[in-house]
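By convention here, the first residue in the shown sequence is residue 1.
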Amino acid sequence: MSTTTGDPRPRVRTGPDGVAVLGWRCTGCGYPVAQQVLTCPLCREPVADSAFSPEGEVWASTCLRVRVPGHTPPYAVAYVVLDDGPRVLVHTPGDRPLPPASRARVTGTSETGDLVAVPAGEPS
């Protein structure tokens with residue numbers, strides 16, 4: 001059984017080449033995952049560290065009006081399917097959800113550790 005440890009949120013690396021979303025990829029089937037696991041959730045082979053593109057397609061998005069520690073409602077979140085990686089949950093600017101099938105780019109993390117993304121083509 002795969003096990004998650006520590007903070008389950010994806011991490012980012014910022015460097016001279018820009019932002020990369022960090023995660024793991026199965027050494028057997030190539031399946032990408034954003035949360036730390038010991039084995040692939042599909043084929044149970046080992047996983048290895050991997051870095052993924054920060055850009056992807058919005059799968060779904062919504063505006064949340066619920067109070068959560070560290071977040072003042074209303075605020076928008078989206079699931080983004082990274083171009084070469086997993087689907088990740090991101091916070092987006094303001095309270096207007098991004099349209100499904102639009103493009104978004106992860107720019108870093110918030111003060112509370114959540115991934116932050118903007119519509120692709122917009123400045124960070």
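- Under the 4.5 Å side-chain contact rule for hydrophobic residues, Phe52 and Val33 do not share a cluster.
- Heavy-atom contacts from other residues, nucleotides or ligands closer than 6.0 Å to OH of Tyr79 number 12 or fewer.
- His91 has its side chain out of reach of Leu64: every pair of non-hydrogen atoms, C-beta onward, lies at least 4.5 Å apart.
- With hydrophobic clusters built from ILVMFWY side chains whose heavy atoms lie under 4.5 angstrom apart, Tyr31 shares a cluster with Val37.
- The two atoms that bring Arg13 and Ala51 nearest to each other are NH2-CB, 3.7 Å, heavy atoms only.
- Cluster membership check: Val90 does not share its hydrophobic cluster with Val81, using side-chain heavy-atom separations under 4.5 Å among Ile, Leu, Val, Met, Phe, Trp and Tyr.
- Placement of Leu89 and Val21 in two distinct hydrophobic clusters is found when ILVMFWY residues are connected by side-chain heavy-atom separations under 4.5 Å, directly or transitively.
- Using a 4.5 Å cut-off on side-chain heavy atoms (C-beta onward), Leu82 and Ser53 make no contact.
- Side-chain contact between Val58 and Pro99: absent, with no pair of heavy atoms (C-beta onward) separated by less than 4.5 Å.
- The line from CZ of Arg25 to CD of Glu45 is 15.5 Å long, rounded to the nearest 0.5 Å.
- Of all non-hydrogen atoms in Pro74 and Arg65, the two that sit nearest each other are CB-NH1, 3.4 Å.
- Hydrophobic clustering places Val80 together with Val12 (ILVMFWY residues linked when any side-chain heavy atoms are closer than 4.5 Å, directly or through intermediates).
- The minimum heavy-atom distance between Cys26 and Cys43, with the atom names listed, is SG-SG, 3.4 Å.
- Arg9 contributes atom CZ, which lies 9.0 Å from atom CG of Leu115 (distance to the nearest 0.5 angstrom).
- The distance from the CZ atom of Arg96 to the OG1 atom of Thr62 is 13.5 Å, given to the nearest 0.5 Å.
- In this structure, Cys29 and Cys40 have side chains that are in contact, with non-hydrogen atoms separated by less than 4.5 Å.
- At distances below 3.5 Å, at least one donor-acceptor pair connects side-chain atoms of Ser61 with backbone N or O atoms of Leu98.
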